[in-house]
Amino acid sequence: MRNVEELTGEILDLASRHFGVDRATLGPHTDLFETLGINSLQVLELLTRLEQHFSIELPDYELQGVTDARGLAERITRRL
Amino acid sequence: MIDLSGHASLASALAAAVERWPEQTCLIELDRDRENHRLTFRQFGDRAAAFAGFLQASGFLPGSRAAIILTNQSAWLMAAYAVFMAGGVLVPLDPKLTAEEHRDLIAHSGSGWLIVEHHIWIGLRETVGVAAVVVGAPPKDVLEAPAQRWEDAAGPAAQIRSRQRNDLACIVYSSGTGGRPKGCMLSHANYLEQCAALAEVHRMAEGERYLSILPTNHAIDFMAGFIGPFVCGATVIHLRTLRPEHVRTALTKYGITHVTLVPMILKNLETAIRARLDALPAGKRRITNALVGINTALTRHRLRPALSRRLLAPIHASVGPSLRAVFVGGAFTDPATLQFFRDLGFPVANGYGLTEACTVLTLNDVSNPRTDTVGTPLPGVEVQVVDPDRDGIGQVAVRGKTVMLGYLDDPALTAETIRDGWLLTGDLGHVDAGGHLHLVGRVKNMIVTAGGKNVYPEDIEAAFDGLPVEEFCVFAASYLWRTASLADDTLVAVLRLSNGSGADTIDAFRRRNRQLPDYKRLGGYVRWDEAFPRTPSLKIKRDALAERLRGRLDAGGVADL
């Protein structure tokens, strides 16, 4: 079972690859929207990647109120 | 299409559709690649009648109010129809609001029943004292009375309770982000008139397919993605996720003919198409560009969908080969984006409307959209420009049968907003010689996000309470400066810093700002050194402060936050 820190790292790895952003610029509390230069719809693309990676289903509403990878990791933990 | 003139209520009109097309599919609910539900009009009507029976058995009376907090799904429409059958008033709420905001609006609307999605119910159950019907509760969860499962909420099939055309049908909140709730009271007549007017301009045919991806609590989708298609015998398709790849799949696989988008989604679609074109090998790209040029020239005066589909087959096949109309509304759309789609031959038409007027006031002709305007008034809508300046620009006022009854429990705000039957829109514009409305700014300090959400700057200020500034105030950029583009409107904070504070305070603002949901975030700030003008009761005189700002700064003076 992964812990939240490990999950956060995996999310950031995926996000940096998917959006082509240098991994070094992303931290657990980095604002994903701002750093990745994306809007609330584009960030949904990340959910699909995460679903494939973690073999779970993530409804769109799990992104509501989430601004950073750490927050997203906490939501995913509940579903693993 | 059902003749709406003979119906006094939405329930009666929907019942006529159920009776006329019993075996046709009216509703498909998709989740990713799965079909959760596929319902005929008869099945839809039967489930709604059973739910209406349940409501009536639980004491629901004519005029009783029920709130819906659901993301788009088949239960939304069935529950809404059931509320109307039982003679009730529907209160559609935005599922994205916080639990506190939901509680406030449930209380403000006087809703005694709540149809709610399970994950939202979890945040509300301890504090909301209303009868709740929970959709999507996992089988293992035990719900305590007065809450119960949607699956169990069925009674003997109810008959439709008759209503008068001017009876209240819905209370729709045009602002829900805190502050002063604005509950627009809309009558059955408002909706029936709106639907009839829209059908005069553009009517769906039986069996055509509408993709409902805007939230149905929003006035646009309620009309364009529920009432409209149903009374035309068309099919509504719900998608449980807005992920671009699933939207694309639905558009092509399900032969979608109609869809309504907010500007943000249209812009994303543009970005995706541009990326695909840029990825073509140089030779193919040149050929495609040439074909786009030919298409633009041949469709300058009127779109020719069949021709464009042949000339630009790969693009149309990937976006939506059956699209007959793509409507854009909810916020101001960048004319360049509209032109991009027009050049490719897509039938994209923008419009303009307000929840206070049921939805749509003006709409572009889908076969010949004027991308620099928001279209011409719908039949029955009168548009007037109040106190025009020498350029003909003034506040847009509208009159017609779709103007709301008023704001719930707020006669003062109603009187400010509707004068002598004219609804003051708060938007600045002018009407050209061809009767097209152009919007250029706002009289009202408000922004509409690209996602179609109304945000009142006053309501945002509480999120910054406690930060070490002497004074601050939030404005919509378009309210301060008419030159600001309505397509990229943003919230601007005016900060008067305490003596000795500086960069640290700005950083604190920035950090707080980043914690907010995107639609509440400030886009920038200006520093201001004078004390804010205030009323005797110490409220900020916003108009006076705005006037001073305009006199000293232009939009270029805004620093990023």
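Sequence lines set the chain letters: A, B, ... in the order given, protein chains first and strands last, and positions in each chain run from 1.
In this structure, no portion of A/Glu62 lies under 4.5 Å from any heavy atom of chain B. The contact between B/Ile265 and chain A is made by backbone and side chain atoms together, counting heavy-atom distances below 4.5 Å. Contacts of B/Arg511 with chain A are absent, with no heavy-atom separation under 4.5 Å from either backbone or side chain. For chain A, the nearby part of B/Arg240 is the backbone; its heavy atoms alone come within less than 4.5 Å.
For the pair A/Asp68/A/Leu72, no side-chain contact is recorded, criterion being any heavy-atom separation below 4.5 Å from C-beta on. Looking at A/Arg17 and A/Arg23, their side chains never come closer than 4.5 Å, going by heavy atoms from C-beta outward.
Interface remark: of the candidates A/Val43, A/Asp60, A/Asp31, A/Leu47, A/Asp60 forms the most heavy-atom pairs closer than 4.5 Å to chain B.
Counting non-hydrogen atoms of other residues, nucleotides and ligands closer than 6.0 Å to CD of B/Glu35 gives a total above 12.
Evaluated for a side chain to side chain contact (heavy atoms under 4.5 Å, CB included) with B/Tyr254, the options B/Thr249, B/Leu30, B/Leu239 yield exactly one hit, B/Leu30.
Applying the side-chain hydrogen bond (donor to acceptor under 3.5 Å, both in side chains) rule to B/Arg34 yields the partners A/Glu57, B/Asp31; only residues at least two apart in sequence or on another chain are considered.
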